[in-house]
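Below is one structure, written out as structure tokens, with a few remarks after it.
Just so you know, these numbers use all the heavy atoms, side chains as well, and skip hydrogens, waters and symmetry mates. In what follows, chains carry the letters A, B, and so on, assigned in the order in which the sequence lines appear, proteins first and then strands, with residues in each chain numbered from 1.
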Number of protein chains: 2
Amino acid sequence: MKLRPQTVTLKDIARAMGLSIATVSKALRDSHEISPATKQRVCDYAEKHKYRPNLMAQMLRHKNGRSIGVIIGAIPNNFFSDVLNGMESVTFQKDYHFIITQSLESLQREKKNLEHLTWRAVDGLLVSLSAETQSIDHFKKVHESGIPIVFYDRVTNEIKTHQVVSDNVDGTYKGTMHLLENGFSRIAHITSSKELSITQERLIGYKNALEEKNIFFNNDYVKYCAHGGKDRDEVEEAIDQLLAMKPMPDALITASDRITISALAILKKKNISIPSQIAIVGYSNFSAPEVFQPELTTIHQPAFEIGRAAAELLIKLIETKRPPTKFEKRILPVELQVRESSLRVR
Amino acid sequence: MKLRPQTVTLKDIARAMGLSIATVSKALRDSHEISPATKQRVCDYAEKHKYRPNLMAQMLRHKNGRSIGVIIGAIPNNFFSDVLNGMESVTFQKDYHFIITQSLESLQREKKNLEHLTWRAVDGLLVSLSAETQSIDHFKKVHESGIPIVFYDRVTNEIKTHQVVSDNVDGTYKGTMHLLENGFSRIAHITSSKELSITQERLIGYKNALEEKNIFFNNDYVKYCAHGGKDRDEVEEAIDQLLAMKPMPDALITASDRITISALAILKKKNISIPSQIAIVGYSNFSAPEVFQPELTTIHQPAFEIGRAAAELLIKLIETKRPPTKFEKRILPVELQVRESSLRVR
DNA sequence: TTGAAAGCGGTACCAT
DNA sequence: ATGGTACCGCTTTCAA
């Protein structure tokens, strides 16, 4: 490509004005040791010639590039894209950049992404663990080297830092309770991989509701997707197993956007009618669940808020000189939106 | 935060091995002027101590940070998130990073994003114009300064460079023709802002189909959304106007994911039944349009491929020394997926 | 074959 | 108030 024309530098300004580089630098940074007159002249000149400090040079000096790295499951996923949107709303306003990497639920990619991001010298990390992740030593190492991390959604307690999650226990509790109160009792649960924090929390809510209603917890009703429902096959297998059970479950709680959508499509393909043969309550952040067939009862997470809060906490962590002694786990409320798919038909 | 511990640098290696910085640098870059023995020793040491060249320093030297900037309408949008996914598949593999900015269909944000990205010294840009954009002088300036750009989806011919789009003319043509052949003749079209390339192309396909069937083109059947259907209100207004017409349209072609989903939700709210009162064919990249009520006939764009092709072309542009004399406009085929929402009910 | 030294564009300390 | 200068980590002549 054609050579990038040098944008105007400190040196250019210094030469043009017969000042030293140091003076110009200080003038532009509004140092007290520069006379107002000089400051004015320098700033005017800089303004006129559209001076922009060279980011690389600044970064090279005091390692801080106003950028944060994000590790996310997958971009094309309603939940995550809302999260990203929330993060962007903060980073845009605070003049940070966020560099997005997808784990695609693979540990190997997660590690590679992490390497990449640290090499990029990001100032901090926003991380949601992949479905495959068990050991988090790779994050520990990075964190100990001084790069602040905030975990969101899929979190870990093994690293002492901020966390932002939605109230997963409550979400599944509400969903399950709603189904129970509508006369469903054989409630299946298709969820992500066993190791994830969200999986465990959601299972707790599920069990709590059953217990409260004195319904026996049947472990066979819980199906895990080792890859978080990345492929439809994973979900189809789970559904096949559930449909083969006797008695067959009469309701289903699906634990993520992907799993929910896949489940709807698969049940449709199999001509299982919802909710008469099986009712559904699904975690989903789709913008218009009322246009599904049937209208879908959803557990809606404040994805945008999660992203926003996580980004805010991280930037605070980055910009604060001394690390805080106490970290917060922010738990945002979820909302059960009742629609046709979970209501008894007479 | 705690000071980031210095990762090992050239200087460290040089001192440790009693060599000069220059020699180490050359050895690591496999220069011909270094003896194999020295090379070996240096590389071993570097490997063992996990030497990673400092990106900022490299960038400062020869402006190339292996990063590309993306301007996109909005992340939470099935079409765009698939596009991003396609881009990521390339950048990940080629060890580039992509920095995403959302225009949110606002010219002002588009400009600010552009400024931000150039300040970040990205090596190239992947751009889809915002719905508000008319003059593209801001891009011209950047492009003339030597930063390669590839336009995708919403493109412009005013800058000589590669373009990647889907076959918009054909998409709407197919959709319109399909409706006509199914007995619908008063076909409305809700689309994005007038200025966008996609809007114009889609309108051509629509007109072509009408003309071919000798149907009168009624300008009042075409409703523009100045903000690309960002808000549901915009779409609702268009629909209200259409419903108030006499005779009312009997079919509708919606020109984007957002518009399509909004239209479905609004018509549902208004208790207009699809397709008996009005049929719908919608541009959409939703992963499971068969779970909509009714199953939605879609014009499906190869969003992932668009992203992939655009990223590939851009990286080629970045890495090639001499700019090509001829640029290509890659037009990827779209697919009409016929489902219930566009079929005559008897 | 190896190394000294001059940048790249800023920042910051120390003189003047 | 202003300027000289060393340095951040790496690349690249040019000498040795």
Atom NZ of residue position Lys141(B) - does it have more than 12 heavy atoms of other residues, nucleotides or ligands inside 6.0 Å? no
Leu10(A) has a side chain; which of dG10(C), dC10(D), dT1(C) sits nearest to it? dG10(C)
Tell me whether the OP1 or OP2 atom of dT2(C) has a side-chain N or O from Ser35(B) closer than 4.0 Å. yes
Reckon Ser25(B) touches a base, only the sugar-phosphate, or nothing at all at heavy-atom distances under 4.0 Å? base
Can you say whether the rings of His49(B) and Tyr45(B) are parallel (under 30°), tilted (30 to 60°) or perpendicular (over 60°)? parallel
Could you write out each protein N or O paired with an N or O of nucleotides 3-6 of chain C at a distance under 3.5 Å?
{"unit_1": "dG3(C)", "atom_1": "OP2", "unit_2": "Ser20(B)", "atom_2": "N", "d": "3.1"}
{"unit_1": "dG3(C)", "atom_1": "OP2", "unit_2": "Thr23(B)", "atom_2": "OG1", "d": "2.5"}
{"unit_1": "dG3(C)", "atom_1": "O6", "unit_2": "Lys26(B)", "atom_2": "NZ", "d": "2.2"}

Are Tyr51(B) and dC10(D) close enough that a side-chain N or O sits under 4.0 Å from OP1 or OP2? yes
Below 4.0 angstrom from OP1 or OP2 of dT11(C), is there any side-chain N or O of Gln58(A)? yes
Could you check whether Glu319(A) pairs with Arg66(A) (Lys NZ or Arg NE/NH1/NH2 to Asp/Glu carboxylate O, under 4.0 Å)? yes
Can Lys111(B) be said to sit on top of Phe139(B)'s aromatic six-ring, NZ or CZ under 6.0 Å from centre and within 45° of the ring axis? no
Please indicate whether Lys11(A) has more than 12 foreign heavy atoms, meaning atoms of other residues, nucleotides or ligands, lying under 6.0 Å from its NZ. no
Whole-Å gap separating P (dT1(C)) and CZ (Arg41(B)): 15 Å
Between dG9(C) atom P and Met56(B) atom CE, what is the distance in whole Å? 17 Å
First encountered from the 5' end of DNA chain C, between Lys39(B) and Ala57(B): Lys39(B)
If you draw the axis of the six-membered ring of Tyr152(B), does the NZ or CZ of Arg330(B) fall within 45° of it and under 6.0 Å from the ring centre? no
Over how many whole Å does the gap from Leu60(B) atom CG to dT11(C) atom P extend? 12 Å
